[in-house]
Amino acid sequence: MPEFTGPEGRVLENESPIKVKEILKKWKSAKGVVAALVDDVATDLGAEIASDAEVLPIEGDSRLGLQILRHSASHLMAQAVKRLYPGTRLGIGPAIEDGFYYDMDIPEQLGEDDLDTIEKEMRRIAKENLPVTREILPKEEAEKLFAERDEIYKIELIKELEGDSVTTYRQGEFVDLCRGPHVENTSVLKHFRLLSVAGAYWRGNESNKMLTRIYGTAFASKEALEEYINRIEEAKKRDHRKLGRELDLFSLQPEAPGFPFFHSKGMVVVNKLVDFWRKEHTRRGYTEIKTPLILDRDLWIRSGHWDHYRENMYFTEIDERPFAVKPMNCPGGMLVYKSQIRSYRDLPLRMAELGTVHRHERSGVLHGLMRVRCFTQDDAHLYVRPDQIKDEILGIMDLVHYIYTDVFGFPYRVELSTRPEKAMGDPGMWEVAERDLQEALEEAGVPYRINPGDGAFYGPKIDFHLEDCIGRTWQCGTIQLDFQMPEKFDISYIGPDGAQHRPVMLHRTIYGSLERFFGILIEHYAGAFPYWLAPVQVRIIPVSEDHLEYAAEVKANLMEKEIRIDTDIRDEKLGKRIRDAQIQKIPYMVVVGDREARTQTLAVRERTKGDLGSMTLSGFLEHLETLPDPTR
RNA sequence: GCCGGCGUAGCUCAGCUGGCAGAGCAGCUGACUUGUAAUCAGCAGGUCGUCCGUUCGAAUCGGAUCGCCGGCUCCA
């Protein structure tokens with residue numbers, strides 16, 4: 001007799017085949033359950049089992065449960081779209097992080113306004129209580145089925161599937177090719193919302209037809225859905241493009257798409273980042289160089305950029321001689337290396353450069369400060385002996401961790417990217433390089449993901465990714481191992497044996513681009529920068545006109561200490577000026593009125609803590625000294 | 001680059017099917033002389049992204065173009 005084991009040691013014996021749902025019901029653990037794990041395989045509640053198995057419920061609010069809910073919601077949406085827009089052909093419709101989408105070839109053009117209509121239709125179908133049923137069909141039969149329905153994309157998918165049969169899911173008149181599992185009835189789907197429409201190439205290939213993609217999300221409860229919607233709203237408030245304007249940090253102008261303008265307040269932050277960066281690099285044995293923005297085109301032919309990167313480069317001409325605007329700093333750095341004979345005693349040589357590069361990015365990909373056409377990399381090139389590679393990588397990873405985690409408190413993700421298709425050089429060298437990077441990662445004990453084929457054309461890389469406020473991740477830091485460039489430029493060092501040897505080159509960045517890192521910081525702090533980075537650190541608010549003189553005195557004293565300070569001398573109520581300083585996210589407000597002028601004190605208000613009471617100037621300065629400042 | 005959406009005052013946004021361009025905030029001026037998240041009143045501010053067209057008449061309709069937004073593709 002088959003025996004089923006369940007959660008908390010539950011056991012059930014049953015003679016005949018039994019539905020998963022019945023088993024769970026007998027255990028009284030069917031509530032809020034959307035599917036089950038049968039011997040670790042996600043399975044429909046309606047599936048029958050007839051032999052020994054472990055059966056565990058998958059609850060709607062679990063990770064797996066949400067995936068199933070969302071996948072089913074994508075089917076529901078596709079069904080609604082097909083009802084509303086006959087002639088619609090289905091592409092694919094998976095669950096994704098935080099939601100789902102479905103790509104469809106819809107004969108009409110849809111806008112965001114149409115989402116309401118589709119959502120209403122979805123609710124209608126959900127109420128029809130349609131059972132969702134699974135069928136296994138031989139491939140030929142499935143092809144016939146989808147051919148009758150003119151589902152050309154599904155047929156393409158079936159042809160590529162392994163095996164002789166495929167599974168389909170049916171709810172009412174709607175049939176989809178799908179592995180499942182799904183909820184057992186459309187009525188289970190209650191808490192969903194459609195979010196946006198966008199175009200997406202069929203199978204992500206630019207040369208294919210562009211389909212309409214509709215994004216949505218679904219949750220197990222109304223509360224969870226609402227919380228998610230609120231989170232999106234909150235995230236929008238942190239958008240660095242919005243805060244950049246409101247806090248007067250930077251702007252983008254139609255005259256220069258993708259080329260940001262930094263306002264004086266934004267420059268304060270960037271300059272502090274640079275101060276900190278420079279100090280930390282000096283401490284860690286880096287020197288700094290600067291190479292030209294424009295260099296002879298031949299250099300780029302020699303470096304391989306002409307062959308591999310030309311479409312992203314800007315070119316110009318000086319006195320009829322062709323030049324290129326640099327998209328990377330390495331070739332210039334090579335010339336500095338070659339400017340003298342290097343000894344093995346010089347290695348490892350760590351040359352940093354705040355290098356401004358220009359890259360032609362396609363117009364559709366530009367995004368605030370995160371994706372621009374001109375940015376400054378906090379670059380460094382390390383020239384090392386082969387036996388020094390691993391230690392140097394570990395050193396860089398330590399620096400990355402210090403800056404990301406200890407100083408800024410960022411969670412980050414590490415990826416190892418391997419040889420791409422259009423790679424330069426010998427595959428054997430690549431293998432060695434990839435292994436070196438992997439060993440360093442293992443040694444550092446950092447969790448990482450492998451990204452096959454995503455390396456640079458000259459070498460594999462370790463990438464460090466940070467997340468923005470709406471969950472998009474951006475590559476910031478990178479470590480790239482390069483055996484090609486030293487070869488191409490024929491660089492060498494003199495070994496202890498008096499012979500010439502080839503150094504290995506490491507390219508690396510920590511911030512990645514100052515622009516992008518700045519953008520991520522704006523979102524990370526929601527514009528409320530810590531004291532050491534704040535564009536204005538202290539704002540003085542005189543109670544009335546009578547106190548302007550004392551305010552000026554206080555200001556002069558604080559300026560003397562290089563504190564970034566301004567005074568709100570507008571003829572407004574105190575409350576109003578406090579409010580404005582709060583909105584501007586200024587860390588400290590200093591209110592000065594009769595009391596303070598008389599006793600030579602300051603009434604200090606901290607942005608998050610509120611009124612700190614009155615203190616003397618030196619007391620305030622002492623307090624400020626205790627605040628973290630990695631540039632000190 | 002591709003698909004879709006959007007461009008009205010410095011900012012946020014009204015302006016129905018074509019009929020003299022509006023509000024709030026910000027700015028300026030004045031009154032008030034302010035004590036910890038919005039004092040009141042007045043003034044000023046726009047070639048309705050740009051160009052071409054339809055029309056007696058265009059912010060509104062059509063086309064092109066530029067820019068922005070969301071995706072896709074790309075991202076050394």
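Here the separation of B:rG70 from B:rU54, taken at their P atoms, is 37 Å to the nearest Å. Straight-line distance between the C1' atoms of B:rG45 and B:rG22: roughly 13 Å, to the nearest whole Å. Spacing of P atoms, B:rC6 relative to B:rG62, comes out at 11 Å, to the nearest Å. The separation of B:rC2 from B:rU65, taken at their P atoms, amounts to 9 Å, rounded to a whole angstrom. The same atom, P, is picked in B:rA59 and in B:rA26; the two are 30 Å apart, to the nearest Å. Comparing B:rG27 with B:rU60, their P atoms sit 33 Å apart, to the nearest whole Å. Rounded to whole Å, the P atom of B:rG15 lies 11 Å from the corresponding atom of B:rG7. Distance check on atom P: B:rU39 versus B:rU33 gives 15 Å, rounded to whole Å.
Checked by distance alone, A:R371 brings a side-chain donor or acceptor within 3.5 Å of a matching partner on the base of B:rC74. Side-chain to base pairing of A:E311 with B:rG1: no donor and acceptor N or O lie closer than 3.5 Å to each other.
Closest to the A:E545 side chain, of the nucleotides B:rC74, B:rU33, B:rG35, is B:rU33. Checked against B:rU36, B:rA37, B:rU73, the side chain of A:R579 finds its nearest nucleotide in B:rA37. Checking B:rU33, B:rG35, B:rU73 against the side-chain heavy atoms of A:E206 singles out B:rU73 as nearest. Picking from B:rA37, B:rG71, B:rC74 the nucleotide with the shortest atom distance to the side chain of A:I578 gives B:rA37. Here the side chain of A:M210 is nearest to one of B:rU33, B:rC72, B:rU73, namely B:rC72. When the nucleotides B:rG35, B:rU33, B:rA37 are ranked by their closest atom to the side chain of A:R605, B:rA37 comes out on top.
Using the six-membered ring where Trp is involved, A:F517 and A:Y511 have ring planes that are tilted, between 30° and 60° apart.
Here the shortest heavy-atom pairing between A:A551 and A:P542 reads CB-CG, 3.9 Å.
Using a 4.0 Å cut-off between charged nitrogen and carboxylate oxygen, A:R203 and A:E160 count as a salt-bridge pair. In this structure, A:E234 pairs ionically with A:K237, as a charged nitrogen and a carboxylate oxygen lie closer than 4.0 Å. Ion pairing of A:E156 with A:K209 is absent here, as no side-chain N (NZ or NE/NH1/NH2) approaches a carboxylate O to less than 4.0 Å. Look at A:R449 and A:E415 and you find a salt bridge, because one of the NZ, NE, NH1 or NH2 atoms lies within 4.0 Å of a carboxylate O, short of that distance. We find that A:R539 and A:D580 are not joined by a salt bridge, their nearest charged nitrogen and carboxylate oxygen being 4.0 Å or further apart.
As a whole-Å value, the separation of A:M328 CE from B:rC75 C1' is 10 Å. A straight line from CE of A:M313 to P of B:rC75 spans 16 Å, rounded to a whole angstrom. Protein atom CD1 of A:I583 is 12 Å distant from nucleotide atom P of B:rA37, rounded to whole Å. In this structure, the CZ atom of A:R607 is 16 Å from the C1' atom of B:rU36, given to the nearest Å. For the pair A:H263 NE2 and B:rC11 P, the computed distance is 11 Å after rounding to whole Å. Distance CD (A:Q377) to C1' (B:rC75): 12 Å, rounded to an integer number of Å. The CD1-P distance, from A:I96 to B:rG71, rounds to 10 Å in whole Å. Following rounding to the nearest Å, A:R539 (CZ) and B:rA37 (C1') show an atom-to-atom distance of 13 Å.
Counting only distance, with no hydrogens or angles, the side chain of A:K555 and the backbone of A:T567 share no donor-acceptor pair below 3.5 Å. Looking only at distances, a side-chain donor or acceptor of A:E434 sits under 3.5 Å from a matching main-chain atom of A:R419. A donor-acceptor distance shorter than 3.5 angstrom exists from the side chain of A:W430 to the backbone of A:M424, with no hydrogens or angles considered.
Within a heavy-atom distance below 4.0 Å of RNA chain B, the residues of residues 197-204 of chain A found are A:A198, A:G199, A:A200, A:Y201, A:G204. The stretch residues 584-594 of chain A touches RNA chain B through A:V591, A:G593, A:D594, each having a heavy atom under 4.0 angstrom from the strand.
Looking at heavy-atom distances under 4.0 Å, A:R362 makes contact with a base. Within 4.0 Å of A:R245, counting heavy atoms only, lie sugar-phosphate atoms of the nucleic acid but no base atom. Here A:E255 lies out of heavy-atom contact (under 4.0 Å) with every strand. Residue contacts for A:A581: at a heavy-atom cut-off of 4.0 Å it reaches no nucleic acid atom on any strand shown.
For A:R577, no side-chain nitrogen or oxygen approaches OP1 or OP2 of B:rA38 to under 4.0 Å. Listed pair A:Y215 / B:rC72 meets the phosphate criterion, a side-chain N or O lying under 4.0 Å from OP1 or OP2.
Within the cation-pi definition used here (under 6.0 Å to the ring centroid, within 45° of the axis), A:R297 does not qualify as a partner of A:W300. For the pair A:R70 and A:F100, the NZ or CZ position fails the cation-pi test of under 6.0 Å to the six-membered ring centre and within 45 degrees of the ring normal.
For the 3.5 Å distance criterion, the side chains of A:H623 and A:Y588 qualify, holding a donor opposite an acceptor. For A:H263 and A:S251, the side-chain atoms include at least one donor-acceptor pair closer than 3.5 Å. Side chains of A:T356 and A:T376: a donor-acceptor N/O pair is present below 3.5 angstrom, by distance only.
Side-chain contact between A:F529 and A:K585: absent, with no pair of heavy atoms (C-beta onward) separated by less than 4.5 Å.
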Distances under 3.5 Å only, N/O to N/O: pair up the protein atoms with those of nucleotides 23-28 of chain B.
residue : atom : partner : partner atom : Å
B:rA26  : OP1  : A:K576  : NZ           : 2.7

Any protein N or O atoms within reach of nucleotides 67-69 of chain B? Criterion: under 3.5 Å, listing atom names and distances.
residue : atom : partner : partner atom : Å
B:rC69  : OP1  : A:R241  : NH1          : 3.2
B:rC69  : O3'  : A:R241  : NH1          : 3.4

> Hey, mind stepping through A:W277 and A:Y286 against ring pair (Phe, Tyr, Trp, His ring centres under 6.0 Å) and telling me if it holds?
Replying inline: CA-CA 11 Å; A:W277 181 90; A:Y286 284 79; 7.8 Å; no
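The aromatic ring centres of A:H381 and A:Y337 sit 6.0 Å or more apart.
Partners of A:S614 according to the side chain to side chain donor-acceptor pair (under 3.5 Å) rule, which considers only residues two or more places apart in sequence or in another chain, do not exist here.
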> How would RNA chain B look in dot-bracket form, 5' to 3', counting Watson-Crick and G-U wobble pairs with both distances under 3.5 Å and writing | for bases paired to another strand?
Replying inline: (((((((..((((.....[..)))).(((((.......))))).....(((((..]....))))))))))))....
